[in-house]
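Here is the structure we will look at.
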Amino acid sequence: MNCGLLGEKLTHSFSPYIHSMLGTYDYRLYEVSPDSLCAFFQKTDFQGLNVTIPYKKSVIPYCKHLSPEAKKVGAVNTILKKADGSMIGHNTDYFGFRYMANRSGLNFYKKKVLVLGSGGAANTVCAVLDELGSDTVVVSRTGENNYDNLYLHKDAKIIVNTTPVGMYPNTLHRPLSLSGFPDLEGVLDLIYNPSNTMLLQQAESRGLVALNGLWMLAAQAKESAEWFTNSAISDDVISDIHRKIQAKTENIVLIGMPGSGKSTVGKALARLLCKDFADTDELIVQKEGRSIPDIFSQKGEAYFRDAEARVIQEISKAASTVIATGGGCVTVEENLPVLKQNGTVIWLKRDILDLATDGRPISQSVDLNDLYAKRAPIYQRFCDFSVLNDASAEEVAIRIQKLLLQEVKDENPDH
Ligand code: NAP
C-alpha cells in the first residue's frame with residue numbers, strides 16, 4: 001500500500017517515523033509546488049495521503065466526498081483513494097486536537113478559552129471547542145479581540161496557541177505573557193518544535209497544565225493510519241509515539257561545577273544514546289578564535305558570559321544533542337528557559353577534591369568550596385535531576401540513561 005505526506009516543504013517531517021510505528025504501508029514524502037498540484041493527483045499512485053501546509057484547503061476540489069469533520073473544519077488533511085480512483089477527504093487534526101484536549105484533563109465546558117491565531121489550525125481547534133461546549137474567544141492580530149485588548153479576557157481559564165510564534169527557529173518568542181491571566185488552568189500549544197516553548201515553560205512555572213502539539217500530531221497520525229488500513233488502532237499507541245519522539249529528539253544538557261566531567265561524560269552519553277555532542281566552551285573558543293583563559297584575561301567575564309549566552313541560544317535549538325555547558329552558565333538566569341526548550345537538564349555532581357582545574361580561570365582564582373556553596377542551590381534549581389560522577393564516564397552515562405527512562409515512565413503513568 002502506498003501512502004505519504006503531501007506538502008510544499010517537508011524537511012524535518014516526523015511523519016515517516018510516526019507512520020512506521022503505525023502500520024506496514026510505504027510512507028513517502030511528496031514535496032509539490034502549488035502549480036504542480038493538479039499533475040500530482042493525475043500521475044501519482046497512492047492509496048492514502050496526509051496533507052499539510054499549504055494544501056489543506058486546495059485539495060478539497062479533488063475530493064468526491066468529505067467526512068463530517070472535514071466539512072465542519074473546511075479543511076482536509078487525510079485523503080483516501082477508493083478502488084474506482086475517487087477520493088474521500090477527511091480531517092484527522094480534529095481527532096488530534098480533541099485527543100490533546102482530553103489528554104490535558106482540563107474541563108472545557110462553559111470555560112472561557114482563548115484561541116491565539118485565526119488560521120487553519122485555529123479553525124480545527126474552534127470546531128472541537130464548540131463540540132466541548134467552551135466559551136471560545138479567537139485572538140487575532142487584526143480582529144476585534146486582539147493583543148492590545150487582552151485585559152477584556154483576564155478571566156480566561158485556558159489558552160490554546162495556534163500561532164507559529166515560538167516555533168523553531170524563533171524559539172525565544174511567545175505570543176503573549178500569561179501574567180495577565182490569574183484564573184488560568186492550562187495552556188495547550190500546537191507547536192511541537194521546540195517541545196517546551198517559552199509559553200509552555202511559563203505555564204509550567206505557574207504549576208498549570210501544559211501540553212505541546214506532539215500529542216495532536218501523534219493522535220492525528222493514528223486516526224490517519226486507521227483510515228489507511230481500515231482497522232482500529234488503540235489510543236495507547238499515541239503515548240508510545242509521543243514518548244519515542246521526545247526521547248529521540250530531546251537534548252540532554254549537563255550542568256555542574258567546572259571540572260566535574262561534563263564533557264567526558266557527555267561524549268559517553270552521546271555515544272550511548274546515539275545523539276550528537278556539543279560542548280559550549282569549545283563552541284565559544286571556535287567562535288572567538290582564542291582560548292577561554294585568553295577570553296577571560298583579555299575581555300573579562302561579562303564578555304565571556306555574553307558570548308556563552310549566544311552560543312547556548314544557538315545550540316539549544318538543536319535536536320538530539322548532548323550539550324556539555326560551562327560551569328558558570330547558570331549564573332545567567334536567562335540561560336535556563338533557553339536550555340530547557342528542548343532539553344532535560346542534568347546536574348553532574350562530583351566530589352570537590354576530584355574537580356579538574358586545568359585551563360579553568362574561575363576554578364584557579366577562587367576557593368572551590370566557596371564557589372560550590374554559591375552555585376549548588378542554582379544547579380539544584382536549574383536541573384531536572386542530578387547524577388553523581390564517581391565512576392567511569394560509561395558507567396555514569398548508563399546511570400543517566402536509566403534515570404531518563406524512569407523520568408519518561410513517571411510522565412506517562414498509563415505505561
Ligand atoms: P496559519 O494558517 O498560517 O495560521 C497561523 C495564524 O497565526 C495566522 O492566521 C495568524 O493569525 C497567526 N500568526 C501568524 N504569525 C503571527 C505572528 N507573528 N504573531 C502573532 N500571530 C501570528 O498556520 P496553521 O496551519 O494554522 O498552523 C499554525 C501553527 O499550528 C503552526 O505552528 C503549526 O505547526 C501548528 N500546527 C500543529 C499541528 C499539530 O498537529 N500539532 C497541526 C496543525 C498546525 P492572525 O492573523 O489572526 O493573528
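Counting starts at 1 for both ligands and their atoms, following the listed order. These values consider heavy atoms only, across backbone and side chains, with no hydrogens, waters or symmetry-generated copies.
For atom 23 (O) of ligand 1, the nearest protein heavy atom lies 4.0 Å away or farther. Protein heavy atoms are absent from the 4.0 Å sphere centred on atom 3 (O) of ligand 1. For atom 33 (C) of ligand 1, no protein non-hydrogen atom is found at a distance below 4.0 Å.
Backbone and side-chain nitrogen or oxygen atoms of Gly213 are examined, and one is located within less than 3.5 angstrom of a nitrogen or oxygen of ligand 1.
Taking a 4.0 Å cut-off on heavy atoms, Val165 registers as neighbouring ligand 1. Residue-ligand proximity: Gln220 is placed with every non-hydrogen atom at 4.0 Å or more from ligand 1.
Here the heavy atom of the protein found nearest to atom 8 (C) of ligand 1 is Gly119 N, 4.1 Å. The protein heavy atom nearest to atom 28 (C) of ligand 1 is Thr162 O, 2.9 Å. In terms of protein heavy-atom proximity, atom 46 (O) of ligand 1 is closest to Arg141 NH2, 3.0 Å. Here the protein heavy atom with the shortest distance to atom 11 (O) of ligand 1 is Ser118 N, 3.2 Å. Looking at atom 42 (C) of ligand 1, its nearest protein heavy atom turns out to be Met216 CE, 3.7 Å. Taking atom 26 (O) of ligand 1 as the reference point, the nearest protein heavy-atom neighbour is Ala121 N, 2.7 Å.
Of the N and O atoms on the side chains of Thr78 and Asn50, at least one donor lies less than 3.5 Å from an acceptor on the other residue. Inspection of the Thr229 and Ser231 side chains reveals an N or O donor paired with an N or O acceptor under 3.5 Å. Residues Ser392 and Glu395 bring a donor and an acceptor atom of their side chains to less than 3.5 Å of each other. In this structure, a donor-acceptor pair under 3.5 Å is absent between the side chains of Ser195 and Glu250. Between the side chains of Thr92 and Gln220, a donor-acceptor pair is found at a separation under 3.5 Å.
Heavy-atom proximity to Met167, at under 4.0 Å, picks out these atoms of ligand 1: 32 (O), 34 (O). Close approach of ligand 1 to Ser140 (heavy-atom distance below 4.0 Å) involves ligand atoms 45 (P), 47 (O), 48 (O). Proximity to Gly120 (heavy-atom distance under 4.0 Å) selects the following atoms of ligand 1: 2 (O), 26 (O).
We find the CG-OG1 distance between Asn251 and Thr344 to be 9.0 Å, quoted to the nearest 0.5 Å.
For atom 38 (C) of ligand 1, the candidate residues are Leu217, Leu190, Leu214, Thr124; the nearest heavy-atom contact is made by Leu190.
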Contacts table for residues 183-194: side-chain donor-acceptor under 3.5 angstrom, sequence neighbours left out:
unit_1: Glu185; atom_1: OE1; unit_2: Lys111; atom_2: NZ; d: 3.1
unit_1: Asp189; atom_1: OD1; unit_2: Asn161; atom_2: ND2; d: 3.0
unit_1: Asp189; atom_1: OD1; unit_2: Ile191; atom_2: N; d: 3.1
unit_1: Asp189; atom_1: OD2; unit_2: Thr197; atom_2: OG1; d: 2.8

Contacts table for residues 64-74: side-chain donor-acceptor under 3.5 angstrom, sequence neighbours left out:
unit_1: Ser67; atom_1: OG; unit_2: Ala70; atom_2: N; d: 3.2
unit_1: Ser67; atom_1: OG; unit_2: His90; atom_2: ND1; d: 2.5
unit_1: Lys72; atom_1: NZ; unit_2: Tyr94; atom_2: OH; d: 3.2

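Below 30°, between 30° and 60°, or above 60°: for Tyr27 and Phe228 the angle between ring planes is between 30° and 60°, a tilted geometry.
Here Arg399 pairs with Asp390 in a salt bridge; the nearest charged N to carboxylate O distance falls below 4.0 Å.
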